[in-house]
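Shown next, in structure tokens, is the structure this report addresses.
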There are 2 protein chains.
Amino acid sequence: MNKNYSRAIPEDWRSMAAVFVALGDEHRQRILLTFEPGERLNVGQIAEVSTLARSTVSHHLKILRQAGVLGSEKIGKEVYFWVDKAWLKTVFANVAGYIEHSA
Amino acid sequence: MNKNYSRAIPEDWRSMAAVFVALGDEHRQRILLTFEPGERLNVGQIAEVSTLARSTVSHHLKILRQAGVLGSEKIGKEVYFWVDKAWLKTVFANVAGYIEHSA
DNA sequence: CCGATATATCGATATTTTTCGATATATCGA
DNA sequence: TCGATATATCGAAAAATATCGATATATCGG
């Protein structure tokens with residue numbers, strides 16, 4: 001038993017945690033499911049199909065981007081988002097590794 | 001672009017979501033990190049090393065158990081918990097599969 | 001430069017989650 | 001059976017998060 005409950009959360013855990021929080025919300029899951037493979041979508045397109053206000057969609061996209069789940073790029077007036085597959089694969093490989101070796 | 005934002009979340013996603021919510025909380029991460037490989041711990045042992053009240057620890061353990069992250073068994077007066085490696089591996093394999101094929 | 005458009009941010013409110021102490025339930029040992 | 005112990009549940013308060021509409025910022029076209 002590891003008794004040092006209050007120690008710092010390991011660094012690779014912290015990035016995982018942000019992904020967990022991001023993907024734990026149902027609206028953010030729905031946003032993720034809106035993307036088709038390799039697709040890039042802007043805020044307006046996502047807000048259009050969602051049931052939420054634009055500012056709320058913007059908020060959720062920010063959380064997804066900060067967690068690394070989505071990448072983003074501003075092109076002209078619009079900001080395009082895409083699913084960052086590489087990052088997600090890295091994160092889940094880390095989690096799988098932790099489970100295999102430390103749990 | 002998938003326009004059906006309000007459709008039901010896929011079944012395998014819902015179990016993943018519960019795991020994401022469970023692991024998104026810092027105290028629940030700390031609880032998970034308290035377990036050493038293969039170890040079984042009861043509520044009192046976890047509450048002992050944590051900074052939280054027993055009832056709060058009990059609450060977090062319930063969330064972790066419902067998400068399948070932990071298994072539990074009552075032995076006498078005590079309830080023992082352990083990390084359900086097999087379930088976590090299944091969940092993260094599903095996530096990795098989704099990312100690979102649908103993102 | 002000006003008006004229109006896309007997005008982000010702000011401020012207030014609503015909802016959800018966390019937290020604790022008190023109480024309820026189950027089990028053990030005397 | 002009675003008292004002690006372990007855990008779960010309940011109810012209320014506190015904290016965090018989500019939500020919206022209004023406003024600010026940036027960019028484009030004319």
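If you're wondering where the values come from, they're calculated on a predicted model, not measured in any experiment.
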In whole Å, what is the span from the NE2 atom of A/H59 to the P atom of C/dT15?
16 Å

Length of the line joining B/K77:NZ and C/dG29:P, which is rounded to integer Å
7 Å

Go nucleotide by nucleotide along DNA chain D from the 5' end; which of A/V21 and A/G76 gets its closest nucleotide reached first?
A/V21

List the steps and the verdict of side chain to side chain contact (heavy atoms under 4.5 Å, CB included) for A/I46 and A/F35.
CA-CA 9 Å; A/I46 297 166; A/F35 287 84; 4.0 Å; yes

OP1 or OP2 of C/dT18 less than 4.0 angstrom from a side-chain nitrogen or oxygen of B/R28, does that happen here?
yes

Please find the pair of heavy atoms, one from A/V57 and one from A/A47, that lie closest to each other, and give the distance.
CG2-CA, 3.9 Å

Calculate, to the nearest 0.5 Å, the distance between atoms CD1 and CZ belonging to B/I9 and B/R14 respectively.
8.0 Å

Nucleotide forming a Watson-Crick or wobble pair with C/dG29, both distances under 3.5 Å
D/dC2

Which value, rounded to the nearest 0.5 Å, describes the distance between B/R40 atom CZ and B/F81 atom CZ?
11.0 Å

What's the CD-P distance between B/Q29 and C/dT18, to the nearest Å?
12 Å

Would you please say whether a donor-acceptor pair under 3.5 Å links the side chains of B/E78 and B/Y80?
yes

State the pairing partner of D/dA16; accept Watson-Crick or G-U wobble contacts with both distances under 3.5 Å, and report none otherwise.
C/dT15

Does this structure show an ion pair linking A/K3 with B/E48, if we count only N-O contacts that are shorter than 4.0 Å?
no

Does OP1 or OP2 of C/dT18 have a side-chain N or O of B/T56 closer than 4.0 Å?
no

Quick one: B/L61 CG to C/dT19 C1', roughly how many Å, whole number?
15 Å

Counted 5' to 3', the first and last nucleotides of DNA chain D within 4.0 Å (strictly under) of a heavy-atom of chain B are D/dT5 to D/dT9

Within this structure, what is the NZ-to-P distance between B/K62 and C/dT19, rounded to whole angstrom?
16 Å

Reckon A/I75 touches a base, only the sugar-phosphate, or nothing at all at heavy-atom distances under 4.0 Å?
nothing

In whole Å, what is the span from the CG atom of A/L52 to the C1' atom of C/dA14?
14 Å

Residue whose nearest DNA chain D nucleotide is more 5′ - A/V57 or B/F81
B/F81

Exercise: identify the closest heavy-atom pair between A/D25 and A/H27:
OD2-N, 2.9 Å

Taking any heavy-atom pair under 4.0 Å as a contact, classify B/I46: base, sugar-phosphate, or nothing.
nothing

